[in-house]
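Worksheet for the structure shown next.
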Amino acid sequence: MSGVGGIIVETEAYLPDDAASHSYGGMTERNRAMFGPSAQAYVYLSYGLHWCLNFVCLPASAVLIRAIEPKWGLETMRERRGVSRDRLLCSGPGRIGQALAINMEQNGLPLWREPFCLRLPEARPEISAGARIGISKAVEQPWRFGLANSNFLSRKF
DNA sequence: GCTCGGATGGTCT
DNA sequence: GACCATCCGAGCG
């Protein structure tokens, strides 16, 4: 996203047949991107004011990007966020949306080229799992994943 | 450190 | 008209 970003440290999975997933109940105008090809972005507006970024995986499945350890373009992200503490730059899906200037223009864009730039980690990281955050259905599913020892989580595992 | 509640608007029933 | 995959600031300890 024009030179801003970092290391993804927290995600949540949303599957087909998952009552907490936007894809649950079939395709609508809003969630159309979720039913499209894999490896594209799915963007939606949360609570009327937060843009949230997902990666579409299998059909009707997506991974919500919940937290990033800021690495690149810190000044730009600080300006967009209006915060001084780097801890709060990208620690939460809505904060990521603001820091990366996410909006509907990215909805449905492929992830393998500009404005995205995805890389695998050099070493396989230790991934922790836990219950998802901020949902009211399928609460018990442990489909929140991330780096438990990161300082940039939206919440501890 | 914590909890609580308001802001805010698209989507779906 | 209710429901949200949220954030932030105020108030309190």
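Naming convention: chains lettered A, B, ... in sequence-line order (proteins, then strands); numbering from 1 in each chain. Excluded from the calculations below are hydrogen atoms, water molecules and symmetry mates; all remaining heavy atoms, backbone and side chain alike, are included.
No donor-acceptor pair under 3.5 Å is formed between the side chain of A/Q98 and the backbone N or O of A/R95. A donor-acceptor pair is defined here as one N or O able to donate and one able to accept, closer than 3.5 Å; such a pair exists between the side chain of A/Q40 and the backbone of A/A33. Proximity of a side-chain donor or acceptor of A/R81 to a complementary backbone N or O of A/L88 within less than 3.5 Å is detected.
Within the 4.5 Å cutoff, no side-chain heavy atoms of A/R144 are placed close to those of A/T11. Two residues are said to be in side-chain contact when any heavy atoms from C-beta on lie closer than 4.5 Å; A/C90 and A/F152 fail this criterion. A/L89 is listed as a side-chain neighbour of A/R78, based on a closest heavy-atom distance under 4.5 Å. Two residues are said to be in side-chain contact when any heavy atoms from C-beta on lie closer than 4.5 Å; A/E12 and A/I133 meet this criterion.
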For DNA chain B, the expected dot-bracket line (Watson-Crick or G-U under 3.5 Å, [ ] crossing, | inter-strand) is |||||||.||||.
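Between chain A and DNA chain C, the heavy-atom contact criterion of under 4.0 Å yields a 5' to 3' nucleotide range of C/dC4 to C/dC8.
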Under a 4.0 Å heavy-atom criterion, the protein footprint on nucleotides 3-9 of chain B, written with B, S and -, is -----BB
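What you find for A/L109 and A/P115 is that their closest heavy atoms are CD1-CD, 3.8 Å.
Residue contacts for A/R132: at a heavy-atom cut-off of 4.0 Å it reaches no nucleic acid atom on any strand shown. Using a 4.0 Å heavy-atom cutoff across all strands shown, A/R81 reaches sugar-phosphate atoms only and no base atom.
Residue pairs that meet the side-chain hydrogen bond (donor to acceptor under 3.5 Å, both in side chains) test with at least one member in residues 148-157 of chain A, sequence neighbours left out, are A/E10-A/S154, A/R66-A/S154.
Comparing A/Y42 and A/L88 by the nucleotide of DNA chain C whose heavy atom lies nearest to each, the residue mapping closer to the 5' end is A/Y42.
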Would you be so kind as to tabulate the donor-acceptor pairs closer than 3.5 Å made by side chains of residues 41-61 of chain A, with sequence neighbours excluded?
| from | atom 1 | to | atom 2 | distance (Å) |
| --- | --- | --- | --- | --- |
| A/Y42 | OH | A/H22 | ND1 | 2.8 |
| A/N54 | ND2 | A/Y42 | O | 3.2 |

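Taking CG from A/D18 and CH2 from A/W143, the interatomic distance works out to 5.0 Å, rounded to the nearest 0.5 Å.
Residues from residues 22-33 of chain A lying near DNA chain B, meaning a heavy-atom separation below 4.0 Å, are A/T28, A/R30 in numerical order.
Figure legend: cation-pi geometry between A/R132 and A/F145 absent, as NZ or CZ is not positioned both under 6.0 Å from the six-membered ring centre and within 45° of its axis.
Going from atom NZ of A/K137 over to atom P of B/dC12 covers 12 Å, rounded to whole Å.
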Verify salt bridge (charged side-chain N to carboxylate O under 4.0 Å, His left out) between A/D86 and A/K71, making sure each step is shown before the conclusion. CA-CA 10 Å; A/D86 288 351; A/K71 277 275 190 195; over 6 Å; no
